[in-house]
There are 2 protein chains.
Amino acid sequence: MVVQFVGTKNIADLVASVGLETLLLKLVKYLEQDFSRWEDFDKTPRIAAHAPNGVIELMPASDHDLYAFKFVNGHPENPLHGLQTVTAFGVLANMHTGYPEFLSEMTISTALRTAATSAMAAKYLARKDARTMAMIGLGAQSEFQATAFKTVLGIRHLQVFDIDPEAGAKFSRNLENSGFVITHAPSAEEAVLGADIITTATADKKLATILSDNMVGAGVHLNAVGGDCPGKTELHRDILLKSDIFVEFPPQTRIEGEIQQLDKNYPVTELWQVITGQKTGRSSDKQITLFDSVGFAIEDFSTLRFLRDLVQGTEFYSEIDLIAEPKDPRDLFGLLMKGAAPARERLAETA
Amino acid sequence: MVVQFVGTKNIADLVASVGLETLLLKLVKYLEQDFSRWEDFDKTPRIAAHAPNGVIELMPASDHDLYAFKFVNGHPENPLHGLQTVTAFGVLANMHTGYPEFLSEMTISTALRTAATSAMAAKYLARKDARTMAMIGLGAQSEFQATAFKTVLGIRHLQVFDIDPEAGAKFSRNLENSGFVITHAPSAEEAVLGADIITTATADKKLATILSDNMVGAGVHLNAVGGDCPGKTELHRDILLKSDIFVEFPPQTRIEGEIQQLDKNYPVTELWQVITGQKTGRSSDKQITLFDSVGFAIEDFSTLRFLRDLVQGTEFYSEIDLIAEPKDPRDLFGLLMKGAAPARERLAETA
């Protein structure tokens, strides 16, 4: 029984073939479809195994037909050793048979889905006339965020800052000839001046204050991407208190998101209810909206479903023999012995 | 970043190269090593997603250095459609970096580990002079159980029964020339007559009574493999009451095992404590011992660790590009664009 496998080379080739912007637009559609049927899903907070210097998590989500899970780690000290903070892969399985059917790298795909989710949220929460985005933190996620906001919301003016000038140089290099006007600010305070949207995507695993209260003016949409585990936040608590807060899955966000700084019962709105029209998103041009993004398993479900559909009939996947397929399902031993025979002969030949 | 992958063909070739009996003996050693350091592990009951006709589960376990999880389904109606009831695969990751390093099929490997665990338990719990094993249920697991008990305990006389005569024919066919003396009994009652060990491995998802009280005599070791989820048991409650019961991980076994029929506080002994010598296994030749096997994540951890060690330096694995490896860990976008360039050229050429 073969399982379709999309590796990192396949993803890079797929992006080149489809085009990053087209791909992000299509992915937003899949996300919107699944956010619109939120109640169909079996939802579980992620299951974590903690190491002294990081965490490994499994994130399952399923509906009546499909099961998805993602394996993802978070090891903030990895870049000191030339490794990535976050790597991931995911699997789709058939709920009716239980068979896994599709395996994909998700290090790159998670970057795509996180950016697509942020842009989807901003479509419902940012002012319609938003033109300028400030970006604080120019790490691995930053160019994906910029590209998704350009594609989905038409944002072309970026005011950016990172404490590491090399990150800024990398950001500009990666996005040259992409149609952006990029202003490098000397501080976070100056980067956010006059911005309609503020994206924070820093990586420190601590209670940081990337943005303080006086930096956020009326009408701004805040897209807080970096705070995503207990003890890791980016915004001053006072900002939260003057914002209307939108989240993915409250039981998870209250533990991992910016709102871990607030009371357990502090009112928040679930993003899916804004997308279905059950709740209001932005209600005035003066309102401060905050998408407290932590990343939820249904977004990975959508991404795997999207990738599976996208690669059918293309050359962008291979097949691996992950699942045994005995002719008689009760005869696993016979399959093993039958498979063994040719190998025995081969060994005899080479002996 | 490549991940080592062991597929179903690799496993069949590996078994042929090493030999099934040698492989089972080595696997028992890995299991004993990990059961002996039980307290080093981060243990979690499995995480289940329920479908109307089955279940999909994730089973994680980790120590200070290694993280393992298994994906496994259980769909009892699958054989009606030519599919297996249970399929599985597993992954080993590095706890220090969070990177996945090893992916393996585990449909066949789970059959190996379940049999090896049963034989390991029986080594500590069955009478030393045990020579005859009764087997009720001759499905996919049966030949693995028989082979493990032969290899580890020297059992050569089998008295077997299955309600389906074809299962019995398959069992004898698979084990011909394996050194067994196999007696096919016309009923479960007759199969167990005079047996020193009784293995039950039936597949019905219901509260069944494969063995009733009067069928189990003094000194017998019961190896109950088939009952492994809520609502699925094989033994009459009265058998449990006159046995000393040994389990893998009590919080899981009380939900899934034969002891789901008993009070939540009914005394059971953890197998790992027998292996370390902290608790007594068999204390007399008259005692009835019961290993209430449900399968625990640490056994899959041991199996993945064993397979990873075994294939190093051999031809029995391949490599897949599951994890992106940017030169600069903060530059995932650059990797994507770089990977994209050759594909763009290729597309231009073929256009």
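Every heavy atom of this structure was used, including side-chain atoms; hydrogens, water molecules and symmetry mates were not. Per chain, numbering begins at 1; letters A, B, ... match sequence-line order.
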(request) Against chain B, label A:Tyr67 side chain, backbone, both or neither, depending on which of its atoms sit under 4.5 Å from a heavy atom there. (result) side chain

(request) Count the heavy-atom pairs under 4.5 Å between each of B:Pro79, B:Pro100, B:Pro60, B:Ala51 and chain A, then report the option with the highest count. (result) B:Pro100

(request) Please flag which part of A:Leu175 lies under 4.5 Å from any non-hydrogen atom of chain B: side chain, backbone, both or neither. (result) side chain

(message) Quick one, B:Leu103 and A:Leu103 - any side-chain contact, counting heavy atoms below 4.5 Å?
(response) yes

(message) Counting heavy-atom pairs closer than 4.5 Å to chain A, which one of B:Gly139, B:Gly7, B:Ala93 comes out on top?
(response) B:Gly7

(message) At a heavy-atom distance under 4.5 Å, which candidate from A:Ala88, A:Ala49, A:Pro329 has the highest pair count against chain B?
(response) A:Pro329

(request) Side chain from CB out, backbone as N, CA, C, O: work out which of these in A:Asp42 comes under 4.5 Å of a heavy atom of chain B, or both, or neither. (result) side chain

(message) Using heavy-atom distances under 4.5 Å, tell me whether A:Phe71 contacts chain B through its side chain, its backbone, both, or neither.
(response) side chain

(request) Using the side chain to side chain donor-acceptor pair (under 3.5 Å) rule, take B:Asn53 and B:Glu77 through it: C-alpha gap first, then chi angles, then the decisive distance, then the call. (result) CA-CA 7 Å; B:Asn53 54 348; B:Glu77 290 168 24; 4.7 Å; no

(request) Name the option with the most non-hydrogen atom pairs under 4.5 Å to chain A; the candidates are B:Asp331, B:Thr107, B:Ile11. (result) B:Asp331

(message) Heavy-atom pairs under 4.5 Å with chain A: which of B:Ile108, B:Ile323, B:Thr97 has the most?
(response) B:Thr97

(message) Need one label for A:Gln141: side chain, backbone, both or neither, based on atoms under 4.5 Å from any heavy atom in chain B.
(response) neither

(request) Taking the side chain as every heavy atom from C-beta outward, state whether B:Thr110 and B:Val72 have any atom pair closer than 4.5 Å. (result) no

(request) Could you tell me which portion of A:Ala324 (side chain, backbone, both or neither) has an atom closer than 4.5 angstrom to a non-hydrogen atom of chain B? (result) both

(request) Against chain B, label A:Asn78 side chain, backbone, both or neither, depending on which of its atoms sit under 4.5 Å from a heavy atom there. (result) side chain

(request) Using atom types as modelled and distance alone, determine if a side-chain donor or acceptor of A:Asp300 lies under 3.5 Å from a backbone N or O of A:Lys70. (result) no

(message) With rounding to the nearest 0.5 angstrom, report the CG to CE distance, B:Asn174 to A:Met337.
(response) 8.0 Å

(request) On the 0 to 90° scale, with breaks at 30° and 60°, tag the B:Phe333-A:Phe144 ring pair as parallel, tilted or perpendicular. (result) perpendicular

(request) Go through B:Glu143, B:Glu105, B:His96 and name the one with the most non-hydrogen pairs under 4.5 angstrom from chain A. (result) B:Glu143

(message) Minimum heavy-atom separation for B:Gly74 and B:Val86, please, with both atom names.
(response) CA-CG2, 4.5 Å

(message) Can you tell me how the ring of A:Phe301 sits relative to the ring of A:Phe41, calling it parallel under 30°, perpendicular over 60° and tilted otherwise?
(response) perpendicular

(message) Determine whether A:Leu112 and A:Thr303 satisfy the following criterion, side-chain contact (heavy atoms from CB on, under 4.5 Å), listing intermediate values before the conclusion.
(response) CA-CA 9 Å; A:Leu112 296 169; A:Thr303 305; 5.8 Å; no

(message) What part of B:Leu138 gets within 4.5 angstrom of chain A, counting heavy atoms only: side chain, backbone, both, or neither?
(response) neither

(request) Tell me, for A:Asn94 versus chain B, whether the close heavy atoms (under 4.5 Å) come from the side chain, the backbone, both or neither. (result) backbone

(request) Could you have a look at B:Asn73, B:Thr147, B:Val91 and say which one has the most heavy-atom pairs with chain A under 4.5 angstrom? (result) B:Asn73

(message) Heavy-atom cut-off 4.5 Å, strictly under: side chain, backbone, both or neither for B:Asp63 against chain A?
(response) neither

(message) Please classify the contact between B:Ala61 and chain A as side chain, backbone, both or neither, with a heavy-atom cut-off of under 4.5 Å.
(response) neither

(message) Taking side chain as everything from C-beta outward and backbone as N, CA, C, O, which of these in B:Ile47 sits under 4.5 Å from a heavy atom of chain A? Side chain, backbone, both or neither.
(response) side chain

(message) How long is the straight-line distance from CZ of A:Phe89 back to CZ of A:Phe69, given to the nearest 0.5 Å?
(response) 5.5 Å

(message) Could you go through A:Leu304 and A:Met106, starting from their C-alpha distance and side-chain angles, then the distance that decides it, and tell me whether this counts as side-chain contact (heavy atoms from CB on, under 4.5 Å)?
(response) CA-CA 9 Å; A:Leu304 285 164; A:Met106 288 196 81; 3.8 Å; yes

(message) For B:Phe171 and B:Phe180: C-alpha separation, side-chain torsions, deciding distance, then whether ring pair (Phe, Tyr, Trp, His ring centres under 6.0 Å) applies.
(response) CA-CA 11 Å; B:Phe171 181 83; B:Phe180 287 106; 7.5 Å; no

(request) Can you tell which part of A:Ser142 gets under 4.5 Å to a heavy atom of chain B, answering side chain, backbone, both or neither? (result) neither

(request) Mind ranking A:Ser104, A:Ala167, A:Pro326 by heavy-atom pairs under 4.5 Å with chain B and telling me who comes out on top? (result) A:Pro326

(message) Measuring from atom CZ of B:Phe102 to atom CG of B:Leu307, what distance do you get when rounded to the nearest 0.5 angstrom?
(response) 5.0 Å

